[in-house]
J.: 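One structure, as structure tokens, below. Some questions next.
Position 1 is the first residue of the sequence, and the numbers go up from there.
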Amino acid sequence: AWNRFEQSSCRSSSHLKELPTSQQKLACRREASRTLDSERRAQRGSSTPPYPCHRRRERRRARRTKVAAQNHAKGQYLLGLHYFYGLGIRQNYSEAEKWLGKAIENGVAEANGYFGASLYWQGKYGEALGPLRESIDSFAPSRALLGLSYIELMRFEEAIPFLQKV
């Protein structure tokens, strides 16, 4: 099976002819390997490669979600940050808002800034004003996001003091 994929992918790759022979063979093998991997995944019905790092990432995400679901405030905050930045998880501001909101309810004050920022990035400018105002001293981007929220709400006079201090 390997030779069949290697030969077919090398014939169709005209850009490889510019490389020296040894590099052509290496590039052909890489392309053939990718093709073979994608076909095997398609046969299994899986979209993610079965590499150990992906399995570890899934286990970590499941653990984080389990801890956060048990009403652990710091776990909720950390899961919210992972969703906010897209760390090991697909970036999702609405999920970040959900988990950071729960963390704030459980007393994690530093979650306010990220909560306000996630609201801002979702286009909820009016809702973002409160959390961003509360976190203006502890969360560095708060001033800029607060000023930009006021601009989006067409309240330019209120935006000026925040944007001047950035």
J.: With sequence neighbours excluded, give me every side-chain hydrogen bond (donor to acceptor under 3.5 Å, both in side chains) pair touching residues 78-87.
T.: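 Those involving residues 78-87 are Tyr85-Tyr114.
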J.: Hydrophobic cluster membership, with links at side-chain heavy-atom distances under 4.5 Å among I/L/V/M/F/W/Y: are Leu148 and Ile160 in one?
T.: no
J.: Enter the distance from Leu146:CG to Leu129:CG here, rounded to the nearest 0.5 Å.
T.: 6.0 Å
J.: Is the backbone N or O of Ala68 less than 3.5 Å from a side-chain atom of Gln76, with the two atoms forming a donor-acceptor pair by type?
T.: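 It does hold such a pair.
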J.: I want to check something: taking the side chain as every heavy atom from C-beta on, are Ile151 and Leu163 in contact at a cut-off of under 4.5 Å?
T.: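 Yes, side chains in contact.
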J.: With sequence neighbours excluded, give me every salt bridge (charged side-chain N to carboxylate O under 4.0 Å, His left out) pair touching residues 88-112.
T.: Lys74-Glu110, Glu95-Lys98, Glu97-Lys124
J.: State, with a plain yes or no, whether a side-chain heavy atom of Phe162 is found less than 4.5 Å away from one of Ile136.
T.: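 Side-chain contact under 4.5 Å: yes.
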J.: Give me the atom names and distance for the closest heavy-atom approach of Ala111 to Ala103.
T.: CB-CB, 4.3 Å
J.: Same cluster for Val108 and Leu132 if Ile/Leu/Val/Met/Phe/Trp/Tyr side chains link at under 4.5 Å?
T.: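 Per the 4.5 Å side-chain linkage, Val108 and Leu132 are co-clustered.
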J.: About how many Å separate CZ of Phe115 and OH of Tyr93, when rounded to the nearest 0.5 Å?
T.: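 Here the interatomic distance stands at 15.0 Å.
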J.: Check Gly80 against Ala96 and note the closest heavy-atom contact, atom names and distance.
T.: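 So the minimum-distance heavy-atom pair works out to O-CB, 3.5 Å.
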J.: May I ask you to check whether Tyr150 and Phe156 place their ring centres under 6.0 Å from each other?
T.: no
J.: Go through the steps for Leu81 and Leu87 under the test side-chain contact (heavy atoms from CB on, under 4.5 Å), then give the verdict.
T.: CA-CA 8 Å; Leu81 286 182; Leu87 302 172; 5.7 Å; no
J.: Rounded to the nearest 0.5 Å, how far apart are CG of Asp137 and OG of Ser142?
T.: 9.0 Å
J.: Output the distance between atom CZ (Phe84) and atom CH2 (Trp121), rounded to the nearest 0.5 Å.
T.: 8.0 Å
J.: Taking atom CG of Leu79 and atom CG of Leu100, what is their separation to the nearest 0.5 Å?
T.: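 Here the rounded value is 8.5 Å.
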J.: Are Leu119 and Tyr77 connected in the hydrophobic side-chain network, where two residues link if heavy atoms are under 4.5 Å apart?
T.: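 In one cluster: yes.
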J.: Calculate, to the nearest 0.5 Å, the distance between atoms CG and CD belonging to Asn112 and Glu134 respectively.
T.: 4.5 Å
J.: Which heavy-atom pair separates Phe139 from Ala117 by the least distance, and what is that distance?
T.: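 Reported closest heavy-atom pair: CE2-CB, 4.2 Å.
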